[in-house]
There are 2 protein chains.
Amino acid sequence: MGITKTDAFTSNQNDMAALFKALAHPARIAIIEFLLKNEKCICGDIVDELPLAQATISQHLKELKNANFIKGTIEGTAICYCLNLDVLSVLNEKINSITNQLIVKNSSRCC
Amino acid sequence: MGITKTDAFTSNQNDMAALFKALAHPARIAIIEFLLKNEKCICGDIVDELPLAQATISQHLKELKNANFIKGTIEGTAICYCLNLDVLSVLNEKINSITNQLIVKNSSRCC
DNA sequence: TTTATATATTGCAATATTACGATTAATTAA
DNA sequence: TTAATTAATCGTAATATTGCAATATATAAA
């Protein structure tokens with residue numbers, strides 16, 4: 001059906017999936033890497049950097065914004081987008097937690 | 001177009017996006033959580049646990065397997081699926097790296 | 001006010017994903 | 001061999017995503 005059975009899963013499972021989904025496209029990874037290495041982080045710069053149309057990049061920025069990975073402030077006609085440390089920290093901790101649980105459990109693994 | 005411009009991005013960007021994509025569904029998060037807390041990890045058990053049809057779960061398992069998050073060994077008529085620590089560690093390090101870069105940079109942030 | 005500049009939104013076509021019933025394949029038990 | 005069990009694959013319908021041209025919106029400069 002192409003539709004995810006959201007109701008069938010816990011809100012934590014849905015939230016985690018949404019975080020990963022926001023990062024599940026190379027353009028959005030590229031945007032995050034670009035924001036990491038640049039002080040100035042205006043949409044126009046990203047359009048110059050990536051081989052995608054302005055409308056497409058605006059769409060990817062919107063998805064990253066919806067997932068709270070980035071935040072934008074208006075600077076004249078331009079918009080300054082920056083990474084949001086909070087959400088990245090949350091994601092980091094969740095993956096750390098899974099990896100650590102697995103390391104502990106790994107002595108009694110079945111495969 | 002619904003098609004991602006894979007050629008336009010670095011292989012590292014594509015690889016990272018693929019890892020995140022494999023985790024971008026609540027059912028696959030649920031499968032990973034299930035494998036984390038259970039010693040026995042056979043497909044049938046997951047079908048009992050999740051409110052999805054066997055064919056659907058098999059598909060999700062295939063995606064996790066393709067991304068190397070899980071590995072399966074044949075046990076009689078059943079298949080024993082387990083988490084692959086290696087890939088989780090790689091993902092963990094990548095996110096750690098991004099988060100740490102951002103923490104260092106955060107003193108001079110623009111937003 | 002008019003014009004230029006920068007980003008967002010809309011509409012649409014192409015492709016991908018999700019879900020499931022039905023079937024197939026492979027192994028075990030009888 | 002036959003029947004039972006388990007997981008993978010196929011076919012298909014419904015929905016989502018990606019990408020872009022065109023347009024809209026909003027601010028700054030002239």
Side-chain angles (χ1 to χ4, degrees), chain A residues 1-9 13-14 17-18 20-31 34-35 40-67 70-82 111, chain B residues 1-9 13-14 17-31 34-35 40-67 70-82 110-111:
Chain A
M1 296 171 187
I3 190 166
T4 295
K5 283 184 149 186
T6 305
D7 294 347
F9 302 99
Q13 287 164 344
N14 283 312
F20 288 125
K21 196 174 197 173
L23 302 178
H25 193 287
R28 296 196 286 273
I29 299 292
I31 288 172
F34 184 76
L35 292 183
K40 288 185 183 177
C41 40
I42 295 164
C43 182
D45 298 349
I46 300 171
V47 174
D48 294 341
E49 185 87 355
L50 299 185
L52 294 173
Q54 182 266 324
T56 307
I57 290 177
S58 188
Q59 236 175 215
H60 283 304
L61 286 168
K62 191 180 179 183
E63 283 183 64
L64 287 171
K65 202 170 20 172
N66 285 342
I70 62 176
K71 39 190 174 176
T73 51
I74 296 170
E75 300 237 335
T77 43
I79 293 190
C80 173
Y81 278 116
C82 287
C111 309
Chain B
M1 295 171 187
I3 189 166
T4 295
K5 283 184 149 187
T6 305
D7 295 348
F9 303 100
Q13 287 164 345
N14 283 311
L19 286 183
F20 288 125
K21 196 173 196 173
L23 303 179
H25 193 287
R28 298 198 284 275
I29 299 291
I31 288 171
F34 185 76
L35 291 183
K40 287 186 183 175
C41 40
I42 295 165
C43 182
D45 297 349
I46 301 171
V47 173
D48 294 340
E49 185 87 355
L50 300 186
L52 294 173
Q54 182 265 323
T56 306
I57 290 177
S58 189
Q59 234 174 216
H60 283 304
L61 286 168
K62 191 180 180 184
E63 283 182 66
L64 287 171
K65 202 168 24 171
N66 285 343
I70 61 176
K71 39 190 176 179
T73 51
I74 297 170
E75 300 237 335
T77 44
I79 292 190
C80 172
Y81 278 116
C82 288
C110 55
C111 310

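Side chains are part of it too, since the values below use all heavy atoms of this structure and drop only hydrogens, waters and symmetry mates. Protein chains get the first letters and strands the later ones, always in sequence-line order, with residue 1 at the start of each.
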**Student:** How long is the span from the CG atom in A/Leu61 to the CG atom in A/Leu35, to the nearest 0.5 Å?
**Tutor:** 7.5 Å

**Student:** In terms of the nearest nucleotide of DNA chain D, which residue is placed more toward the 5' end: B/Phe9 or B/Ala78?
**Tutor:** B/Ala78

**Student:** From CD1 of A/Ile57 over to P of D/dC20, roughly how many Å is that when rounded to an integer?
**Tutor:** 9 Å

**Student:** Applying the side-chain contact (heavy atoms from CB on, under 4.5 Å) test to B/Tyr81, which of B/Ile70, B/Thr73, B/Asp45, B/Ile42 qualifies?
**Tutor:** B/Ile70

**Student:** Think B/Lys21 has a side-chain N or O under 4.0 angstrom from the OP1 or OP2 of D/dT17?
**Tutor:** no

**Student:** Taking for each residue the nucleotide of DNA chain C with the nearest heavy atom, is it B/Arg28 or A/Ile79 whose nucleotide lies nearer the 5' end?
**Tutor:** A/Ile79

**Student:** Do the side-chain N or O atoms of B/Thr56 get closer than 4.0 angstrom to the phosphate oxygens (OP1, OP2) of C/dT18?
**Tutor:** no

**Student:** In whole angstrom, what separates B/Leu50's CG from C/dT18's P?
**Tutor:** 14 Å

**Student:** If I take atom CD in residue B/Gln59 and atom C1' in nucleotide D/dA14, what distance separates them, rounded to the nearest angstrom?
**Tutor:** 14 Å

**Student:** Nearest 0.5 Å, what's the CD-CD1 distance between A/Glu49 and A/Ile46?
**Tutor:** 9.0 Å

**Student:** What distance separates A/Asn14 CG from A/Thr6 OG1, expressed to the nearest 0.5 Å?
**Tutor:** 5.0 Å

**Student:** Provide, to the nearest angstrom, the distance between the CZ atom belonging to B/Phe20 and the P atom belonging to D/dT17.
**Tutor:** 18 Å

**Student:** Is any side-chain heavy atom of A/Leu52 less than 4.5 Å from a side-chain heavy atom of A/His60?
**Tutor:** yes

**Student:** Should A/Tyr81 be listed as having a side-chain N or O under 4.0 Å from OP1 or OP2 of C/dA8?
**Tutor:** yes

**Student:** Can you give me the bend angle of the helix from C/dT1-D/dA30 to C/dA30-D/dT1? Use the axis through the first five pairs and the one through the last five, nearest 10 degrees.
**Tutor:** 20°

**Student:** Measuring from atom CG of B/Leu50 to atom CD1 of B/Ile57, what distance do you get when rounded to the nearest 0.5 angstrom?
**Tutor:** 4.5 Å

**Student:** Would you kindly give the CG-to-C1' distance between A/Leu52 and D/dT17, to the nearest whole Å?
**Tutor:** 14 Å

**Student:** Would you indicate, yes or no, if C/dA8 has its OP1 or OP2 atom less than 4.0 angstrom from a side-chain nitrogen or oxygen of A/Lys62?
**Tutor:** no

**Student:** Distance check needed: D/dA16 P versus B/His25 NE2, whole Å only.
**Tutor:** 11 Å

**Student:** Quick one: pull up NE2 in B/His25 and CG in B/Leu64 and give me the separation to the nearest 0.5 Å.
**Tutor:** 11.0 Å

**Student:** Under 4.0 Å between a side-chain N or O of B/His60 and OP1 or OP2 of C/dA19?
**Tutor:** yes

**Student:** Keeping the roles fixed (side chain from B/Arg28, backbone from A/Ala17), state whether a donor-acceptor pair exists under 3.5 Å.
**Tutor:** no

**Student:** Between atom CG in B/Leu61 and atom P in C/dT17, what is the gap in whole Å?
**Tutor:** 17 Å

**Student:** Would you mind reading off the distance between B/Ile46 atom CD1 and D/dA7 atom C1', rounded to a whole angstrom?
**Tutor:** 11 Å

**Student:** Taking N or O atoms only and anything under 3.5 Å, show me the protein contacts with nucleotides 22-28 of chain D, one pair per line.
**Tutor:**
none

**Student:** Just verifying a value: how many Å separate A/Ile31 CD1 and A/Cys43 SG, rounded to the nearest 0.5 Å?
**Tutor:** 8.0 Å

**Student:** A/Gln13: which residues meet the side-chain contact (heavy atoms from CB on, under 4.5 Å) condition with it, sequence neighbours left out?
**Tutor:** A/Phe9, A/Thr10, B/Pro26, B/Ile29, B/Ala30, B/Glu33

**Student:** What nucleotide among C/dC20, C/dA6, C/dA8 has an atom nearest to a side-chain atom of A/Lys65?
**Tutor:** C/dA8

